[in-house]
Amino acid sequence: MEMLEKKYDHKSVEEGRYELWKENHYFDSGVSNGEPYTIVIPPPNVTGKLHLGHAWDTTIQDACIRYKRMKGFDALWVPGMDHAGIATQAKVDKRLKESGINPRSLSREEWTRHAWSWKEEYACNIKNQWAKLGLSLDYNKERFTLDEGLSKSVRKVFVDLYHEGLIYRGTRMINWDPLAMTALSNEEVIYKDIEGAFYHIKYPIKDSDEFLDVATTRPETMLGDNAVAVNPNDERYQKYIGSTVILPIVGREIPVIADTHADPSKGTGVVKITVNHDPNDYEVGKKHQLEGITVIGLDGKMNENSLHFQGMDRFVCREAIVQELKEKGYLLGVEKIIHNVGHSERTDVPIEPIVSKQWFVKMRPLADDVLQLQKDKNQKVHFLPSRYEKIMNHWMEITYDWCISRQLWWGHRIPAWYKGEEVYVGMDSPGDDWIQDEDVLDTWFSSALWPFSTLGWPQVTEDFKRYYPTSMLVTGYDIIPFWVNRMTFQGLHFTKTRPFEYCYIHGLIRDKEGRKMSKSLGNGVDPMDVIEEYGADALRFYLATSTAQGTDLRYDPEKVRSTWNFINKIWNASRFVMMNINGIEEKEKSYNDHDKWILTRYQNTIKDVTKYMDKYEFQNVGSILYKFIWEDFCDQYIEMAKFSLKENSTKVVLKEVLIGILKMLHPFMPFVTEEIFQNINASSETIMLSSYPSYDKTKIYKTEETKISDILAFVKTFRTLKQEHHIGKEFAVVYQNNEDYSFISKLLKLDGHVLEEKEGDFYTVSYHNYSLKLFDEKEITLEDQMKNEKEIETLQVSIEKRKKLLSNDNFCKKAPESLVLEEKQKLELELKKLETLLSNRNAF
RNA sequence: GGGCGUUUAGCUCAGUUGGUUAGAGCAUCUGCCUUACAAGCAGAGGGUCUGCGGUUCGAGUCCGUAAACGCCCACCA
């Protein structure tokens with residue numbers, strides 16, 4: 001046994017440990033023949049560094065995996081990363097531009113080579129960060145969304161869905177990102193409140209002096225207007241239905257149509273219809289057979305249909321048009337408003353609704369299957385906390401077809417080939433004279449298959465058979481619509497089962513003021529910096545145990561620091577144990593009272609911790625362990641053990657309880673627990689593969705536990721009284737009776753203070769069966785008496801309340817018997833205490 | 001418009017089948033260098049659990065209602 005260093009030094013403890021674990025294959029699955037327990041990591045994007053949110057997310061998973069592994073499960077944690085289409089492409093383009101290369105001047109093949117080298121670089125960074133965090137990932141199973149196997153499953157899913165009629169190609173109005181120059185799904189559009197205006201424009205009625213007041217937030221689209229609509233029931237405008245208005249500036253004639261889309265209560269009740277630039281108008285246009293005119297191009301600039309505005313950016317054009325309308329007398333007014341505008345999730349530019357030919361997944365049948373699944377208690381995905389199930393179900397109810405094609409180079413190429421008008425969808429090219437679709441699939445299309453594609457699907461591999469469906473998925477609530485929902489319907493459709501039994505949802509990490517961590521606010525925290533300062537163990541324990549399931553976490557460095565203190569405490573307690581267990585005999589049958597006290601509490605701790613680990617309530621695990629270790633083990637037991645260090649039983653108990661503590665902490669603080677464990681066992685055996693403590697009721701000693709607890713309560717009463725009355729070193733005590741006072745004397749360090757008998761004023765200190773007289777040399781002051789009186793008063797109130805409660809027939813009849821008994825005992829204790837206080841009063 | 005969450009000590013948060021003296025960390029106050037740890041030890045103070053109403057012998061916990069803050073979804077010419 002090597003002695004530990006005097007101080008806990010997280011750097012030297014963590015240094016090199018991960019590499020040893022990895023080399024020794026401790027992370028490998030398939031070693032245990034226990035029941036499989038599987039988690040697939042939410043694959044981080046290969047676009048940058050891991051942030052605190054990743055650290056949180058992966059710590060939770062690692063804690064689960066390590067716990068289950070110690071419990072004898074065949075634990076598999078699948079690592080991997082996501083190619084992150086738009087995000088990565090944007091980063092690669094940016095880097096190319098910075099080195100003076102126009103990314104679009106490269107061929108697709110050349111560009112892709114750059115992207116892969118980017119991927120290698122960032123994947124390497126991420127793996128280093130995983131190592132720093134101590135994640136026990138099985139690297140034998142590592143996957144990347146663009147690797148060969150996963151690409152094959154992506155194609156298989158596409159092809160199958162196509163043949164089932166659940167994927168189709170069609171011309172629809174979609175969300176277009178003019179900066180990334182690609183289509184987006186509805187989920188990738190973020191609505192933000194921004195300042196804008198209602199522009200009231202005069203649309204003159206043909207051959208008349210009259211006009212219609214049309215309000216719009218997007219005047220630039222008027223160049224493409226196809227009609228003006230009023231509600232058929234709106235009396236104000238009945239007479240105009242069927243007439244013609246002249247589009248200002250443009251001079252084009254467009255009809256006034258009747259459609260319920262026009263809401264009489266909104267604006268002026270007259271709405272312009274721009275079929276090609278608004279989703280609602282698009283629908284109206286279809287109904288009324290209006291031919292759309294596109295005026296904004298894919299790059300967000302006004303196109304050849306926009307007169308002298310051609311070439312202007314859409315927002316520059318807005319200003320220009322408003323100016324011209326004003327000059328020509330068509331502008332009736334401008335009304336400033338705050339309105340919601342859709343922005344691209346990735347590039348943050350306002351999205352442009354455009355009409356385009358894209359690939360879609362037909363959602364209704366797939367979503368209905370999930371809704372059906374969730375009605376089956378035995379087959380459903382169980383959310384933790386359960387309220388998040390509603391988020392998924394709601395999405396499944398309202399979802400519309402998913403636009404899956406992206407006009408990018410980085411991703412899975414759509415397995416569709418064209419020859420003239422012919423379309424072929426299949427796993428491979430049908431021949432050289434066919435041209436493959438240029439587009440790639442939405443990143444989430446491949447992510448949706450992650451739980452099973454990583455395990456070898458569509459092949460029915462050994463891994464797939466053994467580890468699928470997975471046990472648990474851990475992610476933030478913000479990812480539910482993008483990922484959890486899609487994994488669920490794809491998993492269900494293709495594997496006929498839920499992809500994971502449980503879905504553990506955590507919140508977002510915020511700063512101390514509750515703001516989201518973001519680059520623009522500059523309030524982000526790099527987990528690697530925290531690890532440098534306090535170590536991965538402190539960060540992990542803090543992250544895993546600080547909040548209840550599903551709630552946000554306000555990051556507080558002070559708490560990481562206090563977790564470091566906690567580890568330092570464990571470190572020092574371990575040093576104490578190791579200093580005092582020389583010559584230990586491992587077999588021991590007889591224990592003294594305080595040994596039995598801690599053994600009993602230790603067993604109860606195992607029971608509670610196991611219960612909460614199984615329920616994934618880590619907050620509770622954390623507080624139980626913290627309290628047990630710091631208060632029971634360190635503050636109380638170690639102090640008592642100092643009286644019996646020569647006894648083998650105490651050595652055995654110190655070692656047994658410490659090892660149990662290390663094991664229970666290990667899922668959260670893998671490094672330091674391993675370090676101490678190996679030192680104390682003087683072997684290279686790893687704590688990772690040791691067995692988790694299990695509850696043993698034969699080691700519960702109720703009588704002794706109660707007795708020592710009473711003694712400790714008595715000791716506390718004594719100390720409180722001594723401090724409150726400023727009793728210094730000169731004092732004397734006289735015992736009222738003689739039971740167990742040698743133990744109490746040691747705890748209170750009373751050597752030399754105990755007298756047989758003494759006359760004069762004294763305080764009585766008592767708790768339960770223990771009682772003594774405490775004499776102080778200095779006079780008892782008025783202040784002391786006041787304190788005593790105040791205590792008597794509050795105690796009397798409490799006694800009255802309890803008496804009243806116990807005399808309530810309803811309470812005695814309806815409350816559980818044990819509670820009534822407990823109340824009676826409490827009353828008894830209070831009455832005894834009152835007696836003591838009253839006798840103190842008499843002494844004054 | 002539909003839904004969800006939060007509101008508990010100065011601050012950040014626990015409190016999961018309702019049980020009567022509501023907990024922790026940090027901060028504050030007092031006394032201690034007690035040989036594992038002063039990043040520590042021994043004590044103390046601090047809360048009418050957002051308001052109102054209800055169910056109950058008993059409510060931080062369940063029900064109803066109001067408010068503040070936050071989030072999600074949908075719509076917004």
Side-chain angles (χ1 to χ4, degrees), chain A residues 4 6-8 186 191 198-199 214-218 221 228-229 261-263 266-274 278-281 284 337 339-341 385 387-388 390-391 394-395 397-398 477-478 480-481 507-508 510 512 514 542 545-556 558-559 561-580 612 615 617 619-620 622-623 626-627 630 634-635 638-639 642 715-716 719-724 726-728 749 794-795 797-798 801-802 805 808-816 818-820 822-823 826 830:
Chain A
L4 298 176
K6 186 130 186 357
K7 231 176 181 114
Y8 165 55
N186 291 350
Y191 286 87
F198 266 135
Y199 298 91
V214 178
T216 178
T217 53
R218 302 200 58 194
T221 64
V228 165
H261 165 62
D263 182 345
K266 276 188 187 160
T268 55
V270 185
V271 59
K272 66 193 208 52
I273 301 297
T274 319
D278 181 277
N280 292 310
D281 295 3
V284 175
I337 54 158
H339 64 154
N340 253 325
V341 177
R387 64 173 182 272
Y388 285 107
K390 278 185 235 159
I391 308 274
H394 181 61
W395 188 88
E397 273 158 20
I398 61 154
Y477 57 70
D478 54 327
I480 294 171
L508 303 176
R510 300 175 177 279
K512 219 179 161 208
Y542 163 68
T545 65
S546 287
T547 56
Q549 290 172 356
T551 56
D552 289 350
L553 172 66
R554 290 195 189 193
Y555 177 73
D556 182 357
E558 275 303 306
K559 288 194 177 179
R561 196 183 137 81
S562 85
T563 307
W564 190 98
N565 290 355
F566 176 47
I567 299 175
N568 188 47
K569 186 79 186 173
I570 296 160
W571 183 266
N572 278 297
S574 304
R575 286 181 60 227
F576 176 83
V577 172
M578 288 163 72
M579 282 173 191
N580 291 291
Y612 289 121
K615 292 168 82 176
E617 290 175 17
Q619 155 74 34
N620 291 333
S623 60
Y626 191 96
K627 215 172 150 71
W630 204 308
C634 294
D635 291 345
I638 284 183
E639 291 309 313
K642 285 175 182 172
V715 163
K716 190 178 164 99
R719 285 173 178 157
T720 305
L721 188 118
K722 188 165 164 273
Q723 274 237 14
E724 291 220 314
H726 302 105
I727 296 169
K749 298 184 175 24
T794 49
L795 196 56
V797 170
S798 175
K801 252 173 82 178
R802 217 176 292 282
L805 180 68
N808 182 332
D809 280 346
N810 269 324
F811 174 74
C812 296
K813 263 188 276 174
K814 292 182 183 176
S818 62
L819 187 75
V820 179
E822 205 180 301
E823 285 299 316
K826 277 183 187 169
E830 282 179 337

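Protein chains get the first letters and strands the later ones, always in sequence-line order, with residue 1 at the start of each.
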Within the pair [X] and [N], is there a side-chain N or O less than 4.0 Å away from OP1 or OP2?
X         : N      : result
Lys627(A) : G25(B) : no
Arg554(A) : U12(B) : yes
Trp564(A) : G25(B) : no
Asn568(A) : G40(B) : no
Thr551(A) : A14(B) : yes
Thr720(A) : A44(B) : yes

Could you give the [atom1]-to-[atom2] distance, from [X] to [N], as a whole number of Å?
X         : N      : atom1 : atom2 : value
Lys7(A)   : C37(B) : NZ    : P     : 10 Å
His261(A) : A77(B) : NE2   : P     : 8 Å
Leu819(A) : G58(B) : CG    : C1'   : 9 Å
His339(A) : G1(B)  : NE2   : C1'   : 19 Å

Does the base of [N] carry an N or O that pairs as donor and acceptor with the side chain of [X] under 3.5 Å?
X         : N      : result
Lys559(A) : U12(B) : yes
Lys390(A) : C4(B)  : no
Gln723(A) : A42(B) : yes
Glu558(A) : U12(B) : no

Taking the side chain of [X] as its heavy atoms from C-beta onward, which of [options] lies nearest to it?
X         : options                : answer
Val271(A) : A77(B), U12(B), U16(B) : A77(B)
Ala548(A) : A74(B), A14(B), C75(B) : A14(B)
Arg719(A) : A42(B), U21(B), A77(B) : A42(B)
Ala573(A) : A44(B), A36(B), A39(B) : A36(B)
Lys814(A) : C41(B), C57(B), G43(B) : C57(B)
Asn810(A) : A36(B), C41(B), C57(B) : C57(B)
Asn340(A) : C37(B), C75(B), U30(B) : C75(B)

**Prompt:** Mind checking whether Tyr8(A) and Trp564(A) have parallel, tilted or perpendicular rings, split at 30° and 60°?
**Reply:**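 Because their plane-to-plane angle lies in the 30° to 60° range, the rings of Tyr8(A) and Trp564(A) count as tilted.
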**Request:** On the 0 to 90° scale, with breaks at 30° and 60°, tag the Tyr555(A)-Tyr542(A) ring pair as parallel, tilted or perpendicular.
**Result:**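 Because their plane-to-plane angle is over 60°, the rings of Tyr555(A) and Tyr542(A) count as perpendicular.
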Name the nucleic acid region contacted by [X], choosing base, sugar-phosphate or nothing; use a 4.0 angstrom heavy-atom cut-off, strictly under.
X         : result
Ser623(A) : nothing
Asn620(A) : base
Asn580(A) : nothing

**Item:** Val715(A) or Trp395(A), whichever maps to the more 5' nucleotide of RNA chain B
**Value:**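 First, find each residue's nearest nucleotide; the 5'-ward one identifies Val715(A).
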**Considering all heavy atoms, the nearest Thr274(A)-Asp281(A) contact** =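 The answer is N-OD2, 2.8 Å.
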**No-hydrogen, no-angle side-chain donor-acceptor test under 3.5 Å, Lys272(A) and Thr221(A)** =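 Yes.
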